[in-house]
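This chain uses plain numbering: 1 for the first residue, then up along the sequence.
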Amino acid sequence: MTVPIVQNPWRLLLAINAAVIVGVFIHKIQLPPYVPYIHLLVDYHFGFIKRALIGAVVALFTDEVPVWLVFALGGATWLVTLGLYAKLFQKTFGFTAGTLPLFAFTAGSPFFLKNFMHTLGHFDIFGCALAIVLLLMPAGSLLFVATAALFSIVLVLIHHIHLLMYVPTIVTIVVIRHYLACGCNRSNVAFGATALAVVSALFFAAQFLGTMPVPEADFVAYLKTRMVDPSRTDLLQFSYIWYQPLAKEIADTWGRLPHNSLGVPVFALLIWLHTPLWRYLARLIGALASETHRRLVVAALIGISLAYVVMFAMVFDYSRWISNWAVCMFLILHAAKMLPAKQEAALIPAEDRKTSIFGVIITLIPRVGIIRPF
C-alpha cells in the first residue's frame, strides 16, 4: 500500500522549504552585513548621489544606525514579499492540490525567497516586491501607469542597476495589464513614453552624475557619525563603490570573468531543474487566445533576458543576477496567466515521478548565492 504523502509529496516539500529558509536565516545573521549596512548610512548629505535613497529614508527616523537594523528592515521586507507573493499566487492560480507543484517550483525555488533570505538587506528584493504590487492592483486607468513609473523611479534611486534588473519586468507588466487590456490611445501612449523617458534620464543621472563629490576620507568620516559603533571600520570597506566609474566596474567584471564563468554550468543545471516550470510557461503562452499576445510575451521574455546579459557584462554578482532573472520569469508567468486564453494550460503534473524528483532537489538547495554558486 502506497503512503499518501509519497503519492503527493508537495505539502511535505513546502514544509521542508520553510525549514530550509529558517536555516538560511540563522546562517545569514552570523555573517557581517557589509554592503547592506553601508547602504543604510549613505544619504543625500553631500547632494544627489547614487544608491542613497534607503539611507536617506532611514535618516528621517534615526541619526545613528545600529547593525541589527539591517536584519530588521531586510527581514520585514522579506516577510512582506512572501505575503505579497502568496496573495498573488492565490489570485492567479489558487491554492489547490493541483497547483501545489507550481507553487513549490516558484516560491520554493532556490532562485526566489530562499536566495532573497541569503541576500537579506540587499536591494534586489524591492524590485520584486513592487512588481508583485503591480500584478495585484487594478490596472484600468493611467493611475496604474503612474504608479509603475513612481515605483521605477524609487528603484533607480535605490540602485540604478534596477533599470536593467526589474524595470523591464515592470514595463512588461504595464503593457500586459494596461495597454493590452485597455487598448492604446494617444494620451496613454504619450504618458507611458514620457514616464519611461523620465526613468531612463534618472538612470543616466545616477550613473554618470551620482558619484560622491567629496574626498573618500571625508565621506567615510561622515559615515562614522551615523554609526552606533564608529570603531567598526570593517563595515565601511565598500565605501569605494560610490566613487567607482562605470569603466572600472566593467573592467573588474571582465577581469573576474574567467574565474566566475566556472559557475555557468551550475547555473545551467539549476535552470534545467526547473524544466517542469518552463514547460508550463510554454504551454501557458501557447494557450493564449491572441497570436499578438503570444508574440509580445515571448518578446518580453527575450528583452528581459537581454537586459540581464548586459548586467552580466557590467557587474560580477552573477548568482544574484541569475536568481533575479528567474524571479522575473516567474512574475511574467503570472502576468501571462492574466491574458485571455483559448484553453486552460495543463498544470505541472503532481504525480509525475521525474517532476517530483526535480521538486525534491530544488527544495533541498538552500540558495544560489551572491557572486559564485552557493
Side-chain angles (χ1 to χ4, degrees), residues 35 50-51 53 111-112 115-116 119 122-128 130-131 148-149 151-176 192-193 195-211 241-268 270-271 278 296-332 335 368-373:
V35 176
K50 58 187 177 182
R51 306 185 184 192
L53 181 61
F111 289 130
F112 191 11
N115 210 61
F116 279 147
T119 60
H122 286 75
F123 52 81
D124 315 22
I125 195 170
F126 291 101
C128 173
L130 294 181
F151 284 177
S152 299
I153 289 170
V154 168
L155 290 174
V156 171
L157 290 176
I158 290 174
H159 195 303
H160 49 288
I161 206 168
H162 268 300
L163 187 83
L164 297 171
M165 188 186 302
Y166 277 100
V167 170
T169 298
I170 288 175
V171 171
T172 300
I173 292 171
V174 170
V175 171
I176 290 176
L196 186 59
V198 170
V199 173
S200 300
L202 181 61
F203 163 79
F204 285 106
Q207 176 65 69
F208 298 107
L209 303 177
T211 304
I241 62 179
W242 276 266
Y243 294 86
Q244 190 164 256
L246 179 60
K248 182 66 166 56
E249 291 181 351
I250 295 175
D252 287 348
T253 298
W254 284 88
R256 295 169 181 248
L257 187 61
H259 179 67
N260 289 341
S261 61
L262 296 176
V264 171
V266 180
F267 298 142
L270 290 172
I271 293 171
W278 309 135
L296 282 173
V297 172
V298 171
L301 294 175
I302 294 172
I304 291 168
S305 300
L306 289 176
Y308 275 90
V309 170
V310 175
M311 286 173 57
F312 266 69
M314 294 172 59
V315 187
F316 54 78
D317 287 1
Y318 289 166
S319 292
R320 285 171 63 196
W321 305 158
I322 199 71
S323 297
N324 283 283
W325 169 83
V327 171
C328 289
M329 299 296 106
F330 301 166
L331 298 180
I332 298 305
V368 179
I370 295 178
I371 300 175
R372 288 174 290 276

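- Listed by first and then second residue, the side-chain hydrogen bond (donor to acceptor under 3.5 Å, both in side chains) pairs involving residues 161-173 are Y166-N324 (not counting sequence neighbours).
- Of the possible polar contacts, one joining the T253 side chain to the M314 backbone as a donor-acceptor pair under 3.5 Å is found.
- For residues 310-320, the set of pairs meeting the side-chain hydrogen bond (donor to acceptor under 3.5 Å, both in side chains) definition, not counting sequence neighbours, comprises D124-R320, D317-R320.
- Shortest non-hydrogen contact noted between I371 and F267 is O-CZ, 4.4 Å.
- Every ring-ring contact (aromatic ring centres under 6.0 Å, His included) that H159 has, sequence neighbours left out, goes to F123.
- Here the CD1-CG distance, from I170 to L196, works out to 11.5 Å after rounding to the nearest 0.5 Å.
- Across all their heavy atoms, H160 and F203 have their closest contact at O-CD1, 3.2 Å.
- Residues that satisfy the side chain to side chain contact (heavy atoms under 4.5 Å, CB included) test with F208, not counting sequence neighbours, are F204, L246.
- In plain terms, the two heavy atoms of V199 and S152 that are nearest each other are CG2-CB, 3.8 Å.
- For H122, the side chain to side chain donor-acceptor pair (under 3.5 Å) test picks out no residue, with sequence neighbours left out.
- Within the 4.5 Å cutoff, side-chain heavy atoms of M165 are placed close to those of W321.
- For Q244, there are no side chain to side chain donor-acceptor pair (under 3.5 Å) partners, not counting sequence neighbours.
- Using a 4.5 Å heavy-atom cutoff, the side chains of I271 and I322 are in contact.
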I125 and T119: CA distance, side-chain angles, deciding distance, side chain to side chain contact (heavy atoms under 4.5 Å, CB included) verdict = CA-CA 9 Å; I125 195 170; T119 60; over 6 Å; no
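- N115 meets the side chain to side chain donor-acceptor pair (under 3.5 Å) test with S323; sequence neighbours excluded.
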inquiry  = Run I176 and L296 through side chain to side chain contact (heavy atoms under 4.5 Å, CB included) and show every step you take.
reply    = CA-CA 9 Å; I176 290 176; L296 282 173; over 6 Å; no
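- Within 6.0 Å of CH2 in W278 there are more than 12 heavy atoms belonging to other residues, nucleotides or ligands.
- Residue pairs meeting the salt bridge (charged side-chain N to carboxylate O under 4.0 Å, His left out) criterion with at least one partner in residues 252-266, sequence neighbours excluded, are K248-D252.
- In this structure, V309 has no side chain to side chain contact (heavy atoms under 4.5 Å, CB included) partners at least two apart in sequence or on a different chain.
- Not counting sequence neighbours, the partners of A307 by the side chain to side chain contact (heavy atoms under 4.5 Å, CB included) test are L164, P168.
- Between P258 and L262 the shortest heavy-atom distance is O-CG, 3.8 Å.
- Across all non-hydrogen atoms, the minimal contact from W254 to A313 is NE1-O, 3.1 Å.
- For F111, the ring-ring contact (aromatic ring centres under 6.0 Å, His included) test picks out H274, with sequence neighbours left out.
- Judged as a side chain to side chain donor-acceptor pair (under 3.5 Å), and not counting sequence neighbours, the contacts of W325 are S305.
- Here the shortest heavy-atom pairing between W242 and K50 reads NE1-O, 2.9 Å.
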